[in-house]
Amino acid sequence: MNVPAPIYSDDQAVAHDAVTEMLRDAGVDLDDGVLLPPRDGTPNIMAITGKAGSGKTLLLAELCKSLQSAGVDIVSGDYEGRRRKDRRTLAVLAPTNKAAFVLRMRGVPATTIHRILYTPVYDPEYERIAEWLMGNGEKPDIEDLTDDALVRAQASYESHKSIPAALAAAGLRGSDFITGWKRRDDPLDIGFVDEASMLDEKQVKDLREIFPNLLLFGDPAQLAPVNQSGKMVFETLQPEQVLNLSRIHRQDADNPILDLAHALADPSLDFDGFEKMVEDISRTDDRVVLGQRVEVDLMARSPVLVWRNATRIRLINAFRAVHGAPEDSLLEGEPLVCDGLELPLKHRKKRLDLEARGLIKGAQVVYLGPGRKPGFSRLHVIGAEEPQVSAASIVKIEKPDLEEPFIPFAARMGATFLHGAAVTIHKAQGSQWDAVQVFAPDLYAAARMGRTEAGQPLWKRLAYVAITRASTRLHWVVRNRLSKPTGPLRIDDLKAAPAAPLELAAQAEA
(Lines give C-alpha, C1' and ligand atoms only; values in the text may rest on other atoms or scores of the structure.)
Protein backbone atom coordinates (compact mmCIF):
# COMPACT_ATOMS: atom_id res chain seq x y z
CA MET A 1 0.00 0.00 0.00
CA ASN A 2 1.38 3.40 -1.01
CA VAL A 3 1.60 5.94 1.78
CA PRO A 4 0.35 9.37 0.64
CA ALA A 5 2.96 12.08 0.42
CA PRO A 6 2.84 14.53 3.33
CA ILE A 7 1.34 17.97 2.85
CA TYR A 8 3.98 20.53 3.78
CA SER A 9 3.24 23.80 5.52
CA ASP A 10 4.49 26.93 3.76
CA ASP A 11 7.64 27.14 5.88
CA GLN A 12 8.38 23.43 5.38
CA ALA A 13 7.95 23.83 1.62
CA VAL A 14 10.38 26.77 1.59
CA ALA A 15 12.91 24.77 3.61
CA HIS A 16 12.48 21.71 1.36
CA ASP A 17 13.08 23.81 -1.76
CA ALA A 18 16.17 25.41 -0.24
CA VAL A 19 17.65 22.02 0.66
CA THR A 20 16.79 20.69 -2.80
CA GLU A 21 18.67 23.62 -4.35
CA MET A 22 21.68 23.03 -2.08
CA LEU A 23 21.76 19.36 -3.09
CA ARG A 24 21.35 20.25 -6.78
CA ASP A 25 24.43 22.46 -6.52
CA ALA A 26 26.22 19.44 -5.06
CA GLY A 27 25.19 17.24 -8.01
CA VAL A 28 22.12 15.52 -6.51
CA ASP A 29 18.94 16.49 -8.37
CA LEU A 30 15.94 15.25 -6.39
CA ASP A 31 13.39 16.58 -8.90
CA ASP A 32 14.75 14.62 -11.87
CA GLY A 33 16.46 11.82 -9.93
CA VAL A 34 19.84 12.62 -11.49
CA LEU A 35 23.03 11.89 -9.58
CA LEU A 36 26.36 13.34 -10.71
CA PRO A 37 29.68 12.13 -9.26
CA PRO A 38 30.90 14.05 -6.20
CA ARG A 39 33.07 17.02 -7.09
CA ASP A 40 35.38 19.32 -5.24
CA GLY A 41 34.00 22.73 -4.46
CA THR A 42 32.81 25.06 -1.75
CA PRO A 43 31.43 23.12 1.23
CA ASN A 44 27.69 23.51 1.76
CA ILE A 45 26.15 23.84 5.22
CA MET A 46 22.58 24.73 6.12
CA ALA A 47 20.46 24.57 9.26
CA ILE A 48 16.73 23.99 9.71
CA THR A 49 15.55 25.15 13.11
CA GLY A 50 12.22 25.12 14.89
CA LYS A 51 10.57 24.42 18.20
CA ALA A 52 8.99 21.10 19.15
CA GLY A 53 6.10 20.21 16.85
CA SER A 54 7.27 22.40 13.96
CA GLY A 55 7.89 19.40 11.68
CA LYS A 56 11.70 19.17 11.60
CA THR A 57 11.72 15.38 11.93
CA LEU A 58 9.06 14.95 9.24
CA LEU A 59 11.10 17.07 6.85
CA LEU A 60 14.28 15.15 7.67
CA ALA A 61 12.52 11.81 7.07
CA GLU A 62 11.00 12.91 3.75
CA LEU A 63 14.31 14.29 2.47
CA CYS A 64 15.95 11.01 3.46
CA LYS A 65 13.33 9.06 1.47
CA SER A 66 13.78 11.32 -1.55
CA LEU A 67 17.54 10.82 -1.53
CA GLN A 68 17.17 7.05 -1.29
CA SER A 69 14.62 7.06 -4.15
CA ALA A 70 17.09 9.04 -6.27
CA GLY A 71 19.70 6.31 -5.75
CA VAL A 72 21.75 7.79 -2.92
CA ASP A 73 23.20 5.06 -0.69
CA ILE A 74 22.78 5.16 3.07
CA VAL A 75 26.02 4.96 5.05
CA SER A 76 25.49 3.66 8.58
CA GLY A 77 27.87 3.10 11.43
CA ASP A 78 28.01 -0.63 10.85
CA TYR A 79 28.91 -1.01 7.16
CA GLU A 80 29.70 1.27 4.22
CA GLY A 81 29.91 -1.00 1.21
CA ARG A 82 32.39 -0.75 -1.64
CA ARG A 83 33.43 2.69 -2.73
CA ARG A 84 32.86 3.93 -6.27
CA LYS A 85 33.93 7.23 -7.77
CA ASP A 86 30.38 8.01 -8.89
CA ARG A 87 28.67 6.86 -5.69
CA ARG A 88 26.58 9.36 -3.70
CA THR A 89 25.94 8.67 -0.02
CA LEU A 90 23.91 9.97 2.91
CA ALA A 91 24.54 9.51 6.64
CA VAL A 92 21.83 10.46 9.17
CA LEU A 93 23.39 11.24 12.54
CA ALA A 94 22.46 12.17 16.11
CA PRO A 95 24.67 13.13 19.07
CA THR A 96 23.46 10.28 21.33
CA ASN A 97 22.29 6.68 21.07
CA LYS A 98 18.92 7.68 22.46
CA ALA A 99 18.41 10.44 19.87
CA ALA A 100 19.42 8.05 17.07
CA PHE A 101 17.01 5.45 18.47
CA VAL A 102 14.14 7.99 18.39
CA LEU A 103 14.82 8.54 14.68
CA ARG A 104 15.08 4.82 13.93
CA MET A 105 11.70 4.27 15.58
CA ARG A 106 10.32 6.69 12.97
CA GLY A 107 11.85 4.76 10.10
CA VAL A 108 14.95 6.92 9.63
CA PRO A 109 18.21 4.88 9.44
CA ALA A 110 20.14 6.98 11.96
CA THR A 111 23.37 6.30 13.81
CA THR A 112 25.48 8.31 16.27
CA ILE A 113 28.02 10.94 15.27
CA HIS A 114 30.68 9.03 17.17
CA ARG A 115 29.88 5.80 15.36
CA ILE A 116 30.37 7.45 11.95
CA LEU A 117 33.79 8.80 12.93
CA TYR A 118 35.05 5.24 13.17
CA THR A 119 34.54 2.50 10.61
CA PRO A 120 34.52 -1.28 11.16
CA VAL A 121 37.05 -3.49 9.41
CA TYR A 122 35.25 -6.63 8.17
CA ASP A 123 36.70 -10.07 7.60
CA PRO A 124 36.82 -10.42 3.76
CA GLU A 125 34.86 -13.70 3.88
CA TYR A 126 31.90 -12.17 5.66
CA GLU A 127 32.18 -8.91 3.73
CA ARG A 128 30.86 -10.91 0.75
CA ILE A 129 27.63 -11.49 2.70
CA ALA A 130 27.32 -7.78 3.46
CA GLU A 131 27.77 -6.85 -0.21
CA TRP A 132 25.15 -9.43 -1.25
CA LEU A 133 22.66 -8.14 1.30
CA MET A 134 23.15 -4.62 -0.04
CA GLY A 135 22.54 -5.78 -3.61
CA ASN A 136 26.16 -5.38 -4.74
CA GLY A 137 27.01 -9.01 -5.38
CA GLU A 138 25.84 -12.56 -5.87
CA LYS A 139 24.69 -14.78 -3.02
CA PRO A 140 27.93 -16.11 -1.51
CA ASP A 141 28.80 -19.68 -0.64
CA ILE A 142 30.18 -19.61 2.90
CA GLU A 143 31.48 -22.88 4.27
CA ASP A 144 30.21 -22.44 7.82
CA LEU A 145 26.78 -21.02 6.91
CA THR A 146 23.78 -22.92 5.58
CA ASP A 147 21.29 -21.58 3.05
CA ASP A 148 18.76 -21.29 5.88
CA ALA A 149 21.18 -19.06 7.79
CA LEU A 150 21.60 -16.79 4.77
CA VAL A 151 17.81 -16.63 4.32
CA ARG A 152 17.51 -15.51 7.96
CA ALA A 153 20.20 -12.89 7.37
CA GLN A 154 18.40 -11.60 4.29
CA ALA A 155 15.04 -11.39 6.08
CA SER A 156 16.65 -9.52 8.96
CA TYR A 157 18.36 -7.04 6.66
CA GLU A 158 15.15 -6.35 4.76
CA SER A 159 13.45 -5.52 8.06
CA HIS A 160 16.17 -3.57 9.86
CA LYS A 161 18.75 -2.50 7.23
CA SER A 162 21.48 -3.44 9.70
CA ILE A 163 24.40 -5.60 8.55
CA PRO A 164 25.48 -6.66 12.08
CA ALA A 165 21.88 -7.55 12.98
CA ALA A 166 21.57 -9.60 9.78
CA LEU A 167 24.81 -11.46 10.44
CA ALA A 168 23.72 -12.05 14.04
CA ALA A 169 20.47 -13.56 12.66
CA ALA A 170 22.66 -15.97 10.70
CA GLY A 171 24.28 -17.10 13.94
CA LEU A 172 27.45 -14.99 13.79
CA ARG A 173 28.91 -12.80 16.52
CA GLY A 174 30.56 -9.44 16.05
CA SER A 175 33.94 -10.95 16.83
CA ASP A 176 33.44 -13.34 13.89
CA PHE A 177 33.06 -10.71 11.19
CA ILE A 178 34.50 -7.44 12.57
CA THR A 179 38.27 -7.63 12.97
CA GLY A 180 38.79 -4.09 14.25
CA TRP A 181 37.90 -0.39 14.04
CA LYS A 182 39.71 2.56 12.50
CA ARG A 183 39.34 6.33 12.53
CA ARG A 184 37.73 7.52 9.32
CA ASP A 185 40.34 8.90 6.94
CA ASP A 186 38.30 9.72 3.85
CA PRO A 187 35.45 12.23 3.70
CA LEU A 188 31.87 11.17 3.14
CA ASP A 189 29.23 13.01 1.10
CA ILE A 190 25.90 14.24 2.51
CA GLY A 191 25.26 14.43 6.25
CA PHE A 192 21.99 15.10 8.10
CA VAL A 193 22.43 15.83 11.82
CA ASP A 194 19.45 15.83 14.18
CA GLU A 195 19.45 17.46 17.65
CA ALA A 196 22.17 19.81 16.40
CA SER A 197 21.58 22.18 19.31
CA MET A 198 23.67 19.71 21.33
CA LEU A 199 26.77 19.99 19.12
CA ASP A 200 29.93 21.49 20.58
CA GLU A 201 32.65 23.23 18.59
CA LYS A 202 34.82 20.13 18.20
CA GLN A 203 31.94 18.03 16.88
CA VAL A 204 31.04 20.72 14.35
CA LYS A 205 34.67 20.88 13.21
CA ASP A 206 34.84 17.09 12.81
CA LEU A 207 31.57 17.01 10.87
CA ARG A 208 32.60 19.80 8.51
CA GLU A 209 35.83 17.94 7.76
CA ILE A 210 33.93 14.75 6.89
CA PHE A 211 30.82 16.08 5.10
CA PRO A 212 31.13 18.61 2.26
CA ASN A 213 27.32 18.80 2.28
CA LEU A 214 25.95 19.18 5.80
CA LEU A 215 22.36 19.81 6.90
CA LEU A 216 21.66 20.49 10.59
CA PHE A 217 18.29 20.13 12.34
CA GLY A 218 17.78 21.59 15.80
CA ASP A 219 15.72 23.51 18.31
CA PRO A 220 17.14 26.95 19.23
CA ALA A 221 14.93 27.08 22.34
CA GLN A 222 16.88 24.28 24.00
CA LEU A 223 19.91 24.70 26.25
CA ALA A 224 23.25 25.50 24.66
CA PRO A 225 26.07 22.95 25.06
CA VAL A 226 28.02 23.25 28.29
CA ASN A 227 31.16 25.42 27.99
CA GLN A 228 29.98 27.00 24.73
CA SER A 229 29.34 30.53 26.04
CA GLY A 230 25.59 30.09 25.61
CA LYS A 231 25.92 29.77 21.83
CA MET A 232 24.62 27.10 19.47
CA VAL A 233 25.99 26.09 16.10
CA PHE A 234 23.13 27.91 14.33
CA GLU A 235 24.43 31.22 15.64
CA THR A 236 27.78 30.71 13.87
CA LEU A 237 26.12 30.52 10.43
CA GLN A 238 25.06 33.33 8.13
CA PRO A 239 21.35 34.29 8.31
CA GLU A 240 20.72 32.97 4.79
CA GLN A 241 22.05 29.55 5.87
CA VAL A 242 19.40 29.15 8.60
CA LEU A 243 15.74 28.36 7.84
CA ASN A 244 13.28 28.49 10.71
CA LEU A 245 10.04 26.47 10.91
CA SER A 246 7.56 28.49 12.94
CA ARG A 247 4.24 26.74 12.37
CA ILE A 248 3.06 24.06 14.81
CA HIS A 249 1.39 21.27 12.88
CA ARG A 250 -2.16 20.02 13.14
CA GLN A 251 -1.20 16.65 14.63
CA ASP A 252 0.58 18.50 17.45
CA ALA A 253 -1.96 21.28 17.91
CA ASP A 254 -4.00 19.28 20.45
CA ASN A 255 -0.98 18.24 22.48
CA PRO A 256 -1.11 19.75 25.99
CA ILE A 257 2.58 19.01 26.57
CA LEU A 258 3.58 21.09 23.55
CA ASP A 259 1.03 23.76 24.53
CA LEU A 260 2.88 24.15 27.82
CA ALA A 261 6.27 24.20 26.09
CA HIS A 262 5.24 26.94 23.67
CA ALA A 263 3.51 28.97 26.39
CA LEU A 264 6.96 29.57 27.89
CA ALA A 265 7.71 31.96 24.99
CA ASP A 266 5.30 34.51 26.54
CA PRO A 267 7.59 37.10 28.21
CA SER A 268 4.85 38.04 30.69
CA LEU A 269 4.48 34.48 32.02
CA ASP A 270 6.16 33.97 35.40
CA PHE A 271 6.80 30.72 37.25
CA ASP A 272 3.67 30.88 39.39
CA GLY A 273 1.52 31.57 36.33
CA PHE A 274 3.08 28.66 34.48
CA GLU A 275 2.54 26.25 37.35
CA LYS A 276 -1.09 27.38 37.56
CA MET A 277 -1.37 26.60 33.84
CA VAL A 278 -0.01 23.08 34.48
CA GLU A 279 -2.55 22.60 37.28
CA ASP A 280 -5.47 23.76 35.11
CA ILE A 281 -4.54 21.47 32.21
CA SER A 282 -4.02 18.49 34.53
CA ARG A 283 -7.69 18.74 35.62
CA THR A 284 -8.98 18.12 32.11
CA ASP A 285 -6.24 16.11 30.37
CA ASP A 286 -4.53 13.04 31.85
CA ARG A 287 -1.49 13.59 29.62
CA VAL A 288 -0.39 16.21 32.13
CA VAL A 289 -0.12 15.20 35.80
CA LEU A 290 0.44 17.58 38.70
CA GLY A 291 2.41 15.18 40.87
CA GLN A 292 2.58 15.51 44.63
CA ARG A 293 5.55 13.11 44.78
CA VAL A 294 8.13 11.46 42.56
CA GLU A 295 6.86 8.10 41.30
CA VAL A 296 9.69 5.69 41.99
CA ASP A 297 8.42 3.06 39.53
CA LEU A 298 9.02 5.43 36.61
CA MET A 299 12.61 6.16 37.65
CA ALA A 300 13.86 2.73 36.59
CA ARG A 301 13.25 3.46 32.90
CA SER A 302 12.99 7.26 32.66
CA PRO A 303 15.04 9.42 35.01
CA VAL A 304 13.64 12.31 37.01
CA LEU A 305 14.80 15.53 35.33
CA VAL A 306 16.38 18.07 37.68
CA TRP A 307 18.43 21.24 37.47
CA ARG A 308 20.71 20.99 40.51
CA ASN A 309 23.32 18.28 40.90
CA ALA A 310 22.61 18.03 44.63
CA THR A 311 18.95 17.23 43.87
CA ARG A 312 20.02 14.52 41.44
CA ILE A 313 22.22 12.83 44.03
CA ARG A 314 19.53 12.97 46.74
CA LEU A 315 16.92 11.41 44.45
CA ILE A 316 19.29 8.65 43.37
CA ASN A 317 20.04 7.69 46.96
CA ALA A 318 16.34 7.82 47.85
CA PHE A 319 15.60 5.53 44.89
CA ARG A 320 18.21 3.00 46.04
CA ALA A 321 17.08 3.19 49.65
CA VAL A 322 13.40 2.60 48.88
CA HIS A 323 14.36 -0.48 46.83
CA GLY A 324 16.61 -1.78 49.62
CA ALA A 325 19.70 -1.71 47.41
CA PRO A 326 22.88 -2.76 49.26
CA GLU A 327 25.78 -0.32 49.33
CA ASP A 328 28.33 -2.84 48.07
CA SER A 329 26.49 -4.00 44.93
CA LEU A 330 23.80 -3.13 42.38
CA LEU A 331 20.39 -4.68 42.02
CA GLU A 332 19.39 -6.15 38.67
CA GLY A 333 17.36 -3.51 36.87
CA GLU A 334 19.08 -0.42 38.31
CA PRO A 335 19.51 2.30 35.66
CA LEU A 336 22.97 3.69 34.89
CA VAL A 337 24.44 6.41 32.68
CA CYS A 338 27.83 5.98 31.01
CA ASP A 339 30.23 8.68 32.19
CA GLY A 340 33.05 7.82 29.79
CA LEU A 341 35.81 5.25 29.38
CA GLU A 342 38.87 4.85 31.59
CA LEU A 343 41.36 3.07 29.36
CA PRO A 344 45.06 3.71 28.69
CA LEU A 345 46.13 4.66 25.18
CA LYS A 346 47.53 1.20 24.47
CA HIS A 347 43.97 -0.18 24.64
CA ARG A 348 42.67 2.02 21.84
CA LYS A 349 41.10 -0.95 20.02
CA LYS A 350 39.13 -1.95 23.11
CA ARG A 351 37.97 1.64 23.49
CA LEU A 352 36.63 1.55 19.92
CA ASP A 353 34.93 -1.78 20.59
CA LEU A 354 33.12 -0.38 23.63
CA GLU A 355 32.13 2.82 21.86
CA ALA A 356 30.95 0.93 18.78
CA ARG A 357 28.50 -1.02 20.94
CA GLY A 358 27.00 2.17 22.28
CA LEU A 359 29.00 2.69 25.48
CA ILE A 360 29.79 6.34 24.85
CA LYS A 361 29.48 9.18 27.33
CA GLY A 362 25.81 9.80 28.13
CA ALA A 363 24.57 6.35 27.05
CA GLN A 364 21.70 5.05 29.20
CA VAL A 365 21.96 1.43 30.30
CA VAL A 366 20.22 -1.00 32.63
CA TYR A 367 22.28 -3.24 34.88
CA LEU A 368 21.47 -6.91 34.21
CA GLY A 369 23.84 -8.52 36.73
CA PRO A 370 27.52 -9.32 37.24
CA GLY A 371 29.62 -10.68 34.40
CA ARG A 372 31.68 -13.85 34.48
CA LYS A 373 34.84 -12.04 35.56
CA PRO A 374 35.33 -9.78 38.59
CA GLY A 375 34.49 -6.18 37.74
CA PHE A 376 32.50 -7.10 34.63
CA SER A 377 28.82 -6.23 34.24
CA ARG A 378 26.08 -7.45 31.95
CA LEU A 379 24.34 -4.39 30.56
CA HIS A 380 21.40 -3.44 28.34
CA VAL A 381 22.31 -0.33 26.30
CA ILE A 382 19.12 1.66 25.67
CA GLY A 383 18.70 2.52 21.99
CA ALA A 384 21.52 0.32 20.67
CA GLU A 385 20.74 -2.04 17.79
CA GLU A 386 22.47 -4.86 19.68
CA PRO A 387 21.65 -3.74 23.21
CA GLN A 388 23.07 -6.41 25.49
CA VAL A 389 26.80 -6.44 26.24
CA SER A 390 29.20 -7.57 28.92
CA ALA A 391 31.91 -5.07 29.76
CA ALA A 392 34.49 -4.18 32.38
CA SER A 393 32.76 -1.55 34.52
CA ILE A 394 33.52 1.09 37.11
CA VAL A 395 30.31 2.09 38.89
CA LYS A 396 30.23 5.28 40.96
CA ILE A 397 27.44 5.96 43.45
CA GLU A 398 27.51 9.60 44.53
CA LYS A 399 26.49 10.38 48.09
CA PRO A 400 25.00 13.57 49.54
CA ASP A 401 27.59 15.77 51.31
CA LEU A 402 30.49 13.53 50.20
CA GLU A 403 33.00 14.91 47.72
CA GLU A 404 34.14 11.52 46.42
CA PRO A 405 31.65 8.93 45.09
CA PHE A 406 31.31 5.50 46.64
CA ILE A 407 32.38 2.70 44.30
CA PRO A 408 30.55 -0.55 45.11
CA PHE A 409 32.70 -2.52 42.66
CA ALA A 410 35.09 -1.78 39.83
CA ALA A 411 37.31 -3.28 37.20
CA ARG A 412 40.81 -1.87 36.89
CA MET A 413 39.73 -0.13 33.70
CA GLY A 414 36.72 -0.01 31.44
CA ALA A 415 33.43 1.89 31.10
CA THR A 416 32.54 4.19 33.99
CA PHE A 417 28.94 4.69 35.11
CA LEU A 418 26.90 7.00 37.30
CA HIS A 419 23.46 6.08 38.55
CA GLY A 420 20.63 6.93 36.14
CA ALA A 421 17.51 7.24 38.31
CA ALA A 422 17.80 11.03 38.00
CA VAL A 423 19.71 13.19 35.51
CA THR A 424 20.17 16.88 34.94
CA ILE A 425 18.07 18.54 32.26
CA HIS A 426 21.25 19.43 30.37
CA LYS A 427 22.16 15.73 30.11
CA ALA A 428 18.61 14.82 29.02
CA GLN A 429 18.79 16.81 25.77
CA GLY A 430 18.44 14.54 22.76
CA SER A 431 16.53 11.92 24.73
CA GLN A 432 12.82 11.20 24.84
CA TRP A 433 10.69 8.99 27.04
CA ASP A 434 6.99 8.09 27.04
CA ALA A 435 6.54 9.49 30.54
CA VAL A 436 8.78 12.15 32.06
CA GLN A 437 8.92 13.49 35.61
CA VAL A 438 10.14 17.06 35.99
CA PHE A 439 11.21 18.09 39.49
CA ALA A 440 9.55 21.51 39.71
CA PRO A 441 11.14 22.70 43.01
CA ASP A 442 14.47 22.89 41.17
CA LEU A 443 13.02 25.10 38.44
CA TYR A 444 11.39 27.29 41.08
CA ALA A 445 14.85 27.76 42.62
CA ALA A 446 16.21 28.83 39.22
CA ALA A 447 13.32 31.28 38.84
CA ARG A 448 13.96 32.83 42.28
CA MET A 449 17.65 33.30 41.43
CA GLY A 450 16.68 35.33 38.37
CA ARG A 451 19.33 33.78 36.14
CA THR A 452 19.15 34.23 32.38
CA GLU A 453 20.70 32.44 29.39
CA ALA A 454 20.83 33.92 25.88
CA GLY A 455 18.40 36.62 26.96
CA GLN A 456 15.81 34.17 28.34
CA PRO A 457 15.03 33.36 31.98
CA LEU A 458 16.98 30.18 32.71
CA TRP A 459 13.98 28.47 34.34
CA LYS A 460 12.02 28.80 31.08
CA ARG A 461 14.79 27.21 29.00
CA LEU A 462 15.11 24.42 31.56
CA ALA A 463 11.35 23.88 31.61
CA TYR A 464 11.13 23.86 27.80
CA VAL A 465 13.83 21.19 27.42
CA ALA A 466 12.43 19.08 30.27
CA ILE A 467 8.83 19.22 29.06
CA THR A 468 9.67 18.34 25.46
CA ARG A 469 11.44 15.15 26.57
CA ALA A 470 7.96 13.65 27.23
CA SER A 471 6.23 12.04 24.25
CA THR A 472 3.05 10.80 26.00
CA ARG A 473 2.73 11.98 29.59
CA LEU A 474 4.28 14.78 31.64
CA HIS A 475 4.51 14.58 35.43
CA TRP A 476 5.15 18.02 36.94
CA VAL A 477 6.27 17.09 40.47
CA VAL A 478 5.70 19.88 43.00
CA ARG A 479 6.69 18.19 46.29
CA ASN A 480 9.98 16.79 47.54
CA ARG A 481 8.54 13.35 48.24
CA LEU A 482 9.08 9.85 46.89
CA SER A 483 6.49 7.09 46.50
CA LYS A 484 7.00 3.48 47.48
CA PRO A 485 7.67 0.99 44.66
CA THR A 486 4.81 -1.28 43.63
CA GLY A 487 7.24 -4.15 43.12
CA PRO A 488 10.92 -5.05 42.78
CA LEU A 489 13.08 -3.81 39.92
CA ARG A 490 12.71 -5.90 36.77
CA ILE A 491 14.65 -6.75 33.63
CA ASP A 492 12.22 -9.17 31.96
CA ASP A 493 10.74 -6.31 29.92
CA LEU A 494 14.03 -5.75 28.08
CA LYS A 495 14.84 -7.31 24.73
CA ALA A 496 16.17 -10.79 25.38
CA ALA A 497 19.45 -11.51 23.62
CA PRO A 498 22.75 -13.08 24.66
CA ALA A 499 25.25 -10.59 26.01
CA ALA A 500 28.18 -10.09 23.64
CA PRO A 501 31.43 -9.94 25.63
CA LEU A 502 33.62 -6.89 25.22
CA GLU A 503 36.58 -8.16 27.14
CA LEU A 504 39.83 -6.38 27.85
CA ALA A 505 42.28 -9.18 27.19
CA ALA A 506 45.18 -7.21 28.62
CA GLN A 507 43.39 -6.42 31.86
CA ALA A 508 45.07 -9.21 33.74
CA GLU A 509 48.47 -7.93 32.61
CA ALA A 510 47.87 -4.36 33.82
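The first residue of the sequence shown is numbered 1, and numbering continues consecutively from there.
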Which heavy atom in [X] sits nearest to a heavy atom in [Y], and how many Å separate them?
| X | Y | result |
| --- | --- | --- |
| R128 | D141 | NH2-N, 3.5 Å |
| A26 | R88 | O-NH1, 2.9 Å |
| I48 | K56 | O-CD, 4.0 Å |
| A52 | D219 | N-OD2, 3.5 Å |

Do NZ/NE/NH1/NH2 and the carboxylate oxygens of [X] and [Y] come within less than 4.0 Å?
| X | Y | value |
| --- | --- | --- |
| D285 | R287 | yes |
| D206 | K202 | yes |
| D31 | R24 | yes |

Quiz prompt | Flag, side chain of E235 to backbone of M232, donor-acceptor distance under 3.5 Å | solution =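 Here the side-chain-to-backbone pair exists.
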Exercise. Measure from the side-chain N and O atoms of Q429 to the backbone N and O of L223, and report whether any donor-acceptor pair falls under 3.5 Å.
Key: yes
[X] side chain near [Y] side chain, heavy-atom distance below 4.5 Å:
| X | Y | value |
| --- | --- | --- |
| V337 | K427 | no |
| Q154 | L150 | no |
| L359 | V365 | yes |

Quiz prompt | salt bridge (Lys or Arg N to Asp or Glu O under 4.0 Å) between K205 and E201, worked out | solution = CA-CA 6 Å; K205 182 175 181 292; E201 292 174 358; over 6 Å; no
Practice problem: Compute whether any side-chain donor of one residue and acceptor of the other, for E195 and T96, lie under 3.5 angstrom apart. | Solution: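 T96 and E195 do not have a side-chain donor-acceptor pair below 3.5 Å.
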Quiz item: Just checking, is any N or O donor in the side chain of S246 or N244 under 3.5 Å from an acceptor N or O on the other one?
Solution: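 Absent: no donor and acceptor within the cut-off.
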Practice problem: Describe, in one word, how the ring planes of H16 and Y8 are oriented to each other, choosing from parallel (under 30°), tilted (30 to 60°) and perpendicular (over 60°). | Solution: tilted
Self-check item: Heavy atoms from other residues, nucleotides or ligands near NZ of K51 exceed 12 (cutoff 6.0 Å)
Solution: yes
Exercise. Evaluate side-chain hydrogen bond (donor to acceptor under 3.5 Å, both in side chains) for D434 paired with S471, printing each intermediate quantity in order.
Key: CA-CA 5 Å; D434 285 340; S471 61; 3.3 Å; yes
Quiz item: How would you list, by chain and number, every residue that makes a ring pair (Phe, Tyr, Trp, His ring centres under 6.0 Å) with H262, sequence neighbours excluded?
Solution: none
